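Just below is one structure, and these are the notes that go with it.
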Amino acid sequence: MNLNIDAKDKNTFDAIVIGSGISGGWAAKEFGEKGFKTLVLERGRDVKHNVDYPTTNKRPWEFEHYGEMPRDVKQENPIVSKCYAFNEDAAHFFVKDKEHPYVQDKPFDWIRGYQVGGKSLLWARQTQRWSEFDFEGPARDGFAVDWPIRYKDIAPWYSYVEKFAGISGNKDGLAELPDGEFLPPMEMTKVEQYFQAKVAELYNDRHIIIGRCAHITEPKDIHIQQGRVKCQHRNLCQRGCPFGGYFSSNASTIPWALKTGNVTLRPNSVVHSIIYDDKKGKAVGVRVIDTETKESIEYFANVIFVNAAALNTNLILLNSTSNRFPAGLGNDNGLLGKYVAFHNYRARVSAEVEGFENFTKSGNRPNGCYIPRFRNVRKQETDFLRGYAAGFDANRWVNHHAEGVGADLKANLFKPTLGGWHVGSHMMGETIPKDTNFVSLDANQKDAWGIPLLKINIDYDTNDDKMVADYLEQMTEMFEKAGFKNVKTHDSKQAPGLDIHEMGGVRMGNDPKTSLLNKWNQLHACKNVFVTDGACMTSTSTQNPSLTYMALTARAVDYAVKQKF
Amino acid sequence: MKRRMLLKQLGLLAGAAVVLPHCTGKETAQEATISLHKLKITGHHQNSVTALVDALIPKTDTPGAKELDVQSYVWRMVDDCTSEEDQKKFLAGLDHLTTIADDRFGKTIAECSAADLQTLLQEMNDGKITEKNVGDFYQQFRRHTIRGFVGTESVMTNVYHYNMIPGHFTGVVEIKDPNDLKVILG
Ligand SMILES: Cc1cc2nc3c(=O)[nH]c(=O)nc-3n(C[C@H](O)[C@H](O)[C@H](O)COP(=O)(O)OP(=O)(O)OC[C@H]3O[C@@H](n4cnc5c(N)ncnc54)[C@H](O)[C@@H]3O)c2cc1C
């Protein structure tokens with residue numbers, strides 16, 4: 001008897017956080033700082049800052065294939081191989097297709113990182129705030145449901161997380177992309193500056209700005225306290241940064257959380273489901289499978305944060321069934337898993353630039369330029385809903401001369417020359433959440449831990465196709481008006497998923513009949529369970545989403561610690 | 001190996017229909033000293049590629065590709081990062097090139113002088129020898145050798161001034177000396 005009570009005591013915490021990626025890392029830090037005894041459960045292995053970045057200081061020639069993935073690996077892993085960052089230097093931070101299968105009712109490239117830090121090691125670090133126009137979107141345009149929050153609710157939390165994470169950017173003063181607590185911006189190249197000025201001259205609603213990114217361009221005291229220093233412009237971020245130059249959970253929130261002494265990190269712990277107590281009328285803990293011992297263990301807490309990354313959070317909730325919630329935790333309205341959306345990254349435009357021969361750049365920039373959404377911002381003006389943001393870069397080619405054989409060839413190789421300038425852009429389109437875009441549990445197939453496989457049923461629609469066409473047309477026009485030559489457009493038709501911005505399924509809303517979470521990210525029907533990763537998103541807008549997950553998480557923890565659960 | 005040449009001189013080797021092993025017993029028996037994952041190669045294949053790597057990018061006042069062990073990179077790429085079809089073409093082309101070298105010079109590729117090999121390389125480069133997968137072999141061989149060579153520590157650091165930690169990004173640099181490699185490679 002006593003033994004059991006002891007075991008239960010040992011396994012009881014004030015808070016449990018599921019997942020240690022971008023959002024879970026923030027939950028851990030906030031709870032730890034507020035004195036909550038917190039257990040962070042992470043399905044993958046531990047990745048300690050610096051210690052577990054095996055490739056971080058490898059020089060290019062130290063990779064067997066100079067970075068290229070072997071044929072066998074690509075053939076065995078057709079999905080993750082599509083991700084641009086899946087190379088010899090960072091492959092160990094990606095989930096391999098075979099290890100963690102899922103069911104594609106429709107093609108969906110699900111890119112995942114299962115380890116302490118999740119995808120925060122791998123992300124491209126672009127960080128933009130949402131604006132009032134974004135939160136108003138669904139209500140104005142009549143899709144999804146109204147967001148239960150507005151910009152003013154989240155603005156202070158954006159500031160809060162930006163200061164700690166370290167966000168570089170320029171104060172551009174744009175209502176559609178609010179400024180943040182910026183460290184100095186990175187520089188633009190000569191042609192980027194030219195295009196910026198040209199677009200400003202030609203359009204009053206379109207802007208070219210330097211990307212806002214989670215890099216420390218000037219360390220503040222708070223970064224030094226984290227042991228992080230200035231970004232060294234190595235452009236090797238996906239390996240894990242020994243300088244902590246960019247924000248990752250591993251370099252920032254997780255060690256900070258552990259330092260409070262209140263947080264226990266348990267890697268190799270797959271959360272199977274959340275335990276709901278019918279008598280108490282609330283969630284009481286989680287069921288975990290230890291991936292090393294295969295043992296099933298239960299942990300208990302008053303409050304549970306689900307931060308397993310959007311689709312895995314859906315999976316955990318769908319798999320958390322009880323008498324009260326036979327269709328998944330909090331799923332009274334049958335909408336759990338539905339209204340999933342993503343960002344449309346299908347299209348790109350490139351062109352050549354004449355002139356500017358006397359200019360080049362020096363060093364590396366782990367960042368690019370950004371074109372905030374200019375379509376349908378203030379009012380509906382096209383035959384499609386919403387719009388797109390775009391990336392933009394201008395660089396010079398370096399011509400490597402490889403003519404001839406023998407000593408001639410060698411001499412040529414030693415004399416690369418500067419080629420012309422070229423520009424490139426890619427779209428990031430908002431997609432409209434629909435009940436026909438959903439995830440569910442496979443009725444038969446289970447993974448190695450006895451958890452049903454996730455079944456994904458997500459597709460583009462005609463709104464997305466129209467948006468692709470418009471982006472290609474508008475960007476071509478902008479490039480041509482700027483005098484760029486040989487403009488080329490491309491629609492990769494890539495499947496959803498490769499944007500790695502999947503969102504929704506557990507959306508926020510005011511009405512429990514049409515949403516799963518309230519304005520504090522609590523399940524309407526089970527108030528001590530919070531979802532603050534991408535699953536909570538009511539709509540997607542066009543911004544890179546992770547900064548918003550961070551802000552929502554910090555805000556939700558602040559609320560949670562004030563409740564009496 | 002002189003046998004083909006001898007037969008040829010004797011007028012006994014007429015037309016492509018005559019099939020003769022182009023390597024003597026001694027050489028076929030020779031095993032490769034590198035171990036590969038998929039490809040089955042002989043010591044002859046290995047020595048041939050080494051000689052060709054050396055001829056394509058020779059030692060001058062700076063180390064050549066052979067000295068920098070680019071041949072190992074070439075084999076790694078063909079072995080690990082190449083489709084089965086292209087692997088077959090690579091070896092078939094190399095085998096046929098062996099026959100051509102024997103016909104022309106009466107030598108194995110490894111025995112040929114750098115000048116002889118450079119003549120062959122130049123012809124392949126000019127698209128004059130493409131038959132029986134020699135063209136396919138050459139494309140792959142050349143790509144990997146060049147990439148392998150420019151990616152070596154020696155070239156990256158001594159020629160291209162590789163620096164893992166630039167520490168900065170300057171967006172606008174006005175070019176004073178257009179031949180300054182540090183400026184070109186930015
Ligand atoms: C190459 C790349 C580029 C990107 N670029 C950007 C960008 O520029 N800007 C941007 O905003 N976003 C970007 N993203 C997306 C960004 O990485 C994600 O939005 C972000 O990491 C999501 O945070 P998260 O906490 O929800 O999930 P993650 O960071 O993925 O963390 C989730 C964690 O939960 C764990 N987990 C999952 N299931 C379970 C379970 N059952 N039990 C226990 N633990 C579990 C996982 O192992 C993982 O560690 C990029 C992603 C990639 C891969």
Side-chain angles (χ1 to χ4, degrees), chain A residues 57-75 186-193 210 217 230-236 243 357-367 395-396 398-400 402-411 413-419, chain B residues 37-38 55-60 62 64-65 73 76-77 79-84 87 114-115 117-122 124-125 142-143 146-157 159-160 162-176 178-179 181-186:
Chain A
N57 286 323
K58 276 199 180 184
R59 294 165 304 166
W61 54 88
E62 292 175 290
F63 292 95
E64 265 201 298
H65 310 94
Y66 288 2
E68 194 174 324
M69 291 308 288
R71 184 185 92 200
D72 281 356
V73 181
K74 286 193 200 166
Q75 278 171 354
M186 292 187 190
E187 294 181 11
M188 291 167 81
T189 65
K190 189 74 180 171
V191 170
E192 288 165 355
Q193 291 178 359
I210 185 66
T217 46
K230 195 166 177 271
C231 167
Q232 297 297 307
H233 296 259
R234 305 189 327 153
N235 266 21
L236 305 174
F243 301 95
E357 286 96 352
N358 291 334
F359 296 95
T360 184
K361 55 92 192 171
S362 129
N364 301 319
R365 185 180 64 189
N367 188 17
N395 273 299
R396 279 191 89 159
V398 173
N399 293 332
H400 287 277
E403 296 91 29
V405 299
D408 286 350
L409 169 62
K410 194 177 178 190
L413 291 174
F414 286 176
K415 281 194 220 100
T417 53
L418 270 174
Chain B
H37 297 119
K38 291 195 179 67
L56 187 65
I57 306 179
K59 179 177 165 66
T60 52
T62 57
Y73 172 81
R76 270 203 304 279
M77 293 307 285
D79 190 33
D80 296 336
C81 299
T82 302
S83 70
E84 217 171 309
Q87 286 177 335
L117 292 181
Q118 277 156 3
T119 307
L120 284 179
L121 287 167
Q122 188 64 55
M124 289 189 280
N125 209 41
R142 182 179 173 88
R143 190 174 71 242
I146 290 174
R147 176 84 189 89
F149 176 70
V150 298
T152 56
E153 177 170 12
S154 168
V155 177
M156 288 287 279
T157 53
V159 183
Y160 299 150
Y162 171 78
N163 180 6
M164 181 180 258
I165 308 178
H168 75 286
F169 177 80
T170 309
V172 180
V173 172
E174 201 171 346
I175 301 171
K176 305 246 163 55
N179 297 317
L181 272 191
K182 280 193 184 143
V183 173
I184 291 168
L185 298 172

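Only heavy atoms go into these numbers, but all of them, side chains included; no hydrogens, no water, no symmetry mates. The chains referred to below are lettered A, B, ... by the order of the sequence lines, with proteins before strands, and numbering in each begins at 1. Everything numeric in this text was worked out from a predicted model, so none of it was measured.
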**Asked** Is there side-chain contact between B/L185 and A/P416, with heavy atoms separated by less than 4.5 Å?
**Response** yes

**Item:** Heavy-atom contact with chain A under 4.5 Å, split by part of B/R142
**Value:** side chain

**Complete:** The interface call for B/T62 against chain A, heavy-atom contacts under 4.5 Å, is both

**Asked** Taking all atoms of both residues into account, what is the closest heavy-atom pair of A/G406 and B/P58, and its distance?
**Response** C-CD, 3.4 Å

**Prompt:** At a heavy-atom separation under 4.5 Å, does B/T157 approach chain A through its side chain, its backbone, both, or neither?
**Reply:** side chain

**Complete:** Correct closest heavy-atom pair for A/P70 and B/C81 would be CA-SG, 3.9 Å

**Asked** What part of A/L409 lies closer than 4.5 angstrom to a heavy atom of chain B: side chain, backbone, both or neither?
**Response** side chain

**Item:** Whether A/H400 and B/Y160 hold their rings parallel, tilted or perpendicular, with breakpoints at 30° and 60°
**Value:** perpendicular

**Spacing of CD1 belonging to B/I175 relative to CZ belonging to A/R396, to within rounding of 0.5 Å** = 4.5 Å

**Prompt:** Which pair of non-hydrogen atoms, one from B/I146 and one from A/A402, has the smallest distance, and what is that distance?
**Reply:** CD1-CB, 3.9 Å

**Prompt:** Which value, rounded to the nearest 0.5 Å, describes the distance between A/R234 atom CZ and B/N163 atom CG?
**Reply:** 11.0 Å

**Asked** Under a 4.5 Å heavy-atom cutoff, which of A/K190, A/E64, A/M186 has the most pairs with chain B?
**Response** A/E64

**Prompt:** Got A/R71 and B/K38 here, is their nearest side-chain heavy-atom distance under 4.5 Å?
**Reply:** yes

**Request:** Using non-hydrogen atoms and a 4.5 Å limit, figure out which bit of A/T217 sits close to chain B: side chain, backbone, both or neither.
**Result:** neither

**Message:** Is A/K230 in contact with chain B via its backbone, its side chain, both, or neither, using a 4.5 Å heavy-atom distance?
**Reply:** side chain

**Item:** Among the listed options B/M156, B/R147, B/E84, B/Q118, the residue most often paired with chain A at heavy-atom distances under 4.5 Å
**Value:** B/R147

**Request:** Look only at the side chain of A/R59 and the backbone of B/E153, and say whether a donor-acceptor pair between them is shorter than 3.5 Å.
**Result:** no

**Asked** Say you draw a straight line from CZ of B/R76 to CD of A/E68; how long is it, rounded to the nearest 0.5 Å?
**Response** 12.0 Å

**Request:** Determine yes or no for a side-chain-to-main-chain donor-acceptor pair under 3.5 angstrom, with A/K361 supplying the side chain and B/F169 the backbone.
**Result:** no

**Asked** Do A/E187 and B/T170 come close enough that some side-chain heavy atom pair is under 4.5 Å?
**Response** yes

**Asked** Side chain, backbone, both or neither: which part of A/N57 has an atom under 4.5 Å from a heavy atom of chain B?
**Response** both

**Asked** A/T189, A/V191, A/V73: which one forms the most heavy-atom pairs within less than 4.5 Å of chain B?
**Response** A/T189

**Asked** Are A/L413 and B/I57 side-chain neighbours, meaning at least one heavy-atom pair lies under 4.5 Å?
**Response** yes

**Prompt:** What part of A/E192 is in contact with chain B, defined as an atom under 4.5 angstrom from a non-hydrogen atom: side chain, backbone, both or neither?
**Reply:** neither

**Asked** Of the backbone (N, CA, C, O) and the side chain (C-beta and beyond), which part of B/V155 lies under 4.5 Å from a heavy atom of chain A, both, or neither?
**Response** side chain

**Asked** Side chain, backbone, both or neither: which part of A/M188 has a heavy atom under 4.5 Å from chain B?
**Response** backbone

**Item:** Beyond-backbone contact of B/T152 with A/W61, side-chain heavy atoms, under 4.5 angstrom
**Value:** no

**Item:** Approximate separation, where rounding is to 0.5 Å, of A/N364 CG and B/M164 CE
**Value:** 11.0 Å

**Message:** So for B/L181, is it side chain, backbone, both, or neither that comes closer than 4.5 Å to the heavy atoms of chain A?
**Reply:** side chain

**Item:** Region of A/E62 that comes under 4.5 Å of a non-hydrogen atom in chain B
**Value:** neither

**Message:** Using side-chain heavy atoms (C-beta onward) and a distance below 4.5 Å, is B/F149 in contact with A/K410?
**Reply:** yes

**Complete:** Comparing B/L117, B/V183, B/L56 against chain A, the one with the most heavy-atom pairs below 4.5 Å turns out to be B/L56

**Complete:** Value for OH (B/Y73) from NE2 (A/H65), rounded to nearest 0.5 Å, stands at 8.5 Å

